[in-house]
Amino acid sequence: MKGWQNQYEITQKVNRNDDDFLQKIMYLENNEYQNIQQKIDHTDYKFDQSQCFSLHQLIESMNYNFTKIYKGQLIIIILEVLKHLQQLHQQKISHGKLIPQNIVIQLKNDNKLTIIQTKFTIHKVYFINYSIIDDSNYQFNYIEDINQIIDCCIQFIQAFSNQQCQLFKTICNQLNDYKNNIKEDDLNKLIGFFNLLIQDCVDQQQQKLKKGQIYLNESNIQEIKYQEGEEYGILSKRQRNITAILKFIDYLNEQGIIYELKYLNNNNNENNYVDQIQLFDTSQSSQDELKIFKIFESIIKQQMMKIIWYHIGAYLESWESNLDIIIQAILKEINQTNKHILNTQLITILKEFNNINQLNKQIQDEIETYYRFQINYDEQKAKDQFILELKIQSQNYSKQNFQSFIDQIKSNVKIELENYYNQLVTIEILTLQDYLI
């Protein structure tokens, strides 16, 4: 998205022993943002937010009235997502977790989404977080994929719910009809349906809805009228403010998260950096603690993005004319949020991390209730697992449900450590049996 330079980072656990499907998925996706360095237990994605966005981010920014796209572009995006799922099914693979967070769209070259409508070209659609990668018991289910992708499409269309669009209501009704009795060939029917919509209703050169009408069925019982609707021309509030807004976002991109942010909307950049108050000190942090800090840095950047969407979107849809007041409100909320996350939540996570060896001792006590083997209950193993689980769960972070966030991480760490040490116990038992025989 234009003006935003951070990374959209996703980590997924790998729980399968055979590489056939993993290699097949990697070949199909051909994801340039996936770290292809061989890792036994996880895979990483780092999407450049200046080029890529998840469907969830697009929906959320539209719901906040920040990002604006043409209605015709919505139909174009949906068709490209459906085509990518079709390619997946043609390779005899299903996804299993098709939610907007797991659908990533990359635009070509310098195309960007922004606060005003602009033409773009989709370079590629990526699916991430395949069920087959992290669930060793997952069974392919093509109908489940179709059901999930229809839900994603409906959520996307509903981002235009504040605009009374008869065509979009009709599309949602059609999608819900498919959901009521899904068959495997319905994906091809959906693609055909959206191809016809683009052919009949979208000016593909301008990426806008044409002005016209279609009929619900062959009997011409119901006439569906459609047109693009509101646009944001050179005299609009969005057009007048876009330069100042992008300058402000560029400033935020340049700042570290450990300092309180200040901003003066003028051309003297030096004034924006004076008297910075430090919120968090990393100078005494260990290497592992710095890894945890980097994860929280990504979390904070995502929270900052949402704060900007909320305030700028509300400003652009209001009669408020003073952008500086909005910018100061954004800075105030960002500083409060960053301070809370760094000095309360990050500190809590670091305490849990530094006490993680207690889990090792708990598991050791449970095992030694029945067995007395010479097993090394490795503290670094527990710490590495904690950092991995934190990376994985960071995409589910919620400031309001932070305790649940911690509990889930600790629970996952314990399960992984128990599985690891139980395997060691099994090996010791088999070794002892061989010795006795």
Side-chain angles (χ1 to χ4, degrees), residues 1 3-11 46-47 49-50 53-54 56-57 60-61 64 66 244-265 269-286 288-315 323-354 387 390-391 393-406 409:
M1 293 183 176
W4 204 257
Q5 305 298 325
N6 64 304
Q7 304 286 324
Y8 179 54
E9 299 186 23
I10 301 294
T11 297
K46 288 188 178 182
F47 294 98
Q49 292 269 231
S50 68
F53 51 89
S54 72
H56 173 73
Q57 289 176 320
E60 193 168 19
S61 67
Y64 281 131
F66 181 85
I245 289 170
L246 293 182
K247 177 184 174 184
F248 171 59
I249 296 176
D250 283 341
Y251 158 75
L252 292 182
N253 285 325
E254 295 171 0
Q255 307 308 300
I257 64 168
I258 62 174
Y259 293 100
E260 188 174 277
L261 299 175
K262 293 183 180 181
Y263 182 75
L264 297 177
N265 191 12
N269 292 328
E270 292 182 2
N271 290 337
N272 292 329
Y273 301 91
V274 297
D275 300 327
Q276 288 186 310
I277 299 173
Q278 188 168 0
L279 301 177
F280 193 82
D281 183 11
T282 60
S283 62
Q284 302 300 317
S285 300
S286 67
D288 282 340
E289 288 172 338
L290 287 174
K291 291 178 183 177
I292 292 173
F293 173 79
K294 292 293 291 182
I295 297 170
F296 266 80
E297 184 177 41
S298 179
I299 288 173
I300 285 173
K301 288 286 188 179
Q302 294 297 321
Q303 297 304 304
M304 289 169 61
M305 183 186 291
K306 293 178 183 181
I307 292 169
I308 291 169
W309 290 345
Y310 170 77
H311 284 279
I312 296 294
Y315 164 73
L323 179 59
D324 288 337
I325 291 176
I326 304 304
I327 286 176
Q328 294 309 315
I330 291 172
L331 290 175
K332 181 179 179 181
E333 184 171 347
I334 286 177
N335 285 329
Q336 289 174 344
T337 300
N338 291 2
K339 185 175 182 179
H340 174 72
I341 293 176
L342 290 170
N343 292 331
T344 302
Q345 297 183 343
L346 175 55
I347 292 296
T348 302
I349 284 286
L350 289 172
K351 287 180 180 177
E352 294 287 354
F353 170 76
N354 287 313
I387 293 173
L390 175 60
K391 287 179 67 177
Q393 290 301 316
S394 64
Q395 59 193 297
N396 303 318
Y397 167 85
S398 170
K399 188 173 69 170
Q400 290 74 26
N401 298 309
F402 185 67
Q403 189 56 52
S404 298
F405 177 73
I406 294 176
I409 292 169

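Sequence positions, counted from 1, serve as the residue numbers for this chain.
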Can you measure from [atom1] ([X]) to [atom2] ([Y]) and round to the nearest 0.5 angstrom?
X: F405; Y: Q345; atom1: CZ; atom2: CD; value: 8.5 Å
X: I292; Y: N354; atom1: CD1; atom2: CG; value: 7.5 Å
X: K301; Y: N338; atom1: NZ; atom2: CG; value: 9.0 Å
X: Y64; Y: I312; atom1: OH; atom2: CD1; value: 13.5 Å
X: S286; Y: K291; atom1: OG; atom2: NZ; value: 9.0 Å
X: K294; Y: E289; atom1: NZ; atom2: CD; value: 15.5 Å

Y397, OH: over 12 other non-hydrogen atoms inside 6.0 angstrom: yes
What pair of heavy atoms forms the shortest contact from K391 to S394, and how long is it?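 For K391 and S394, the tightest heavy-atom pair comes out as O-OG, 2.7 Å.
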Non-hydrogen atoms of G256 and L261 that approach each other most closely: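 Closest pair (atom of G256, atom of L261, distance): O-CD2, 4.3 Å.
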Which of these, I257, L390, L350, sits in a side-chain contact (heavy atoms from CB on, under 4.5 Å) with F296?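 So the option named by the test is L390.
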Look only at the side chain of S54 and the backbone of Q57, and say whether a donor-acceptor pair between them is shorter than 3.5 Å. yes
Heavy-atom donor-acceptor pair, E352 side chain to T348 backbone, under 3.5 Å: no
Check the angle between the aromatic planes of F66 and W309 and answer parallel, tilted or perpendicular using the 30° and 60° thresholds.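 F66 vs W309 ring planes: tilted.
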Is there a side-chain contact between [X] and [Y] in this structure, where contact means two heavy atoms from C-beta onward sitting under 4.5 Å apart?
X: E9; Y: E297; value: no
X: I308; Y: I245; value: no
X: I327; Y: Y315; value: no
X: Y263; Y: L252; value: no
X: I258; Y: F293; value: yes
X: F248; Y: L323; value: no
X: I406; Y: I409; value: no

Does a donor on one side chain sit under 3.5 Å from an acceptor on the other, for D281 and S283?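 Per modelled atom types, D281 and S283 side chains form a pair under 3.5 Å.
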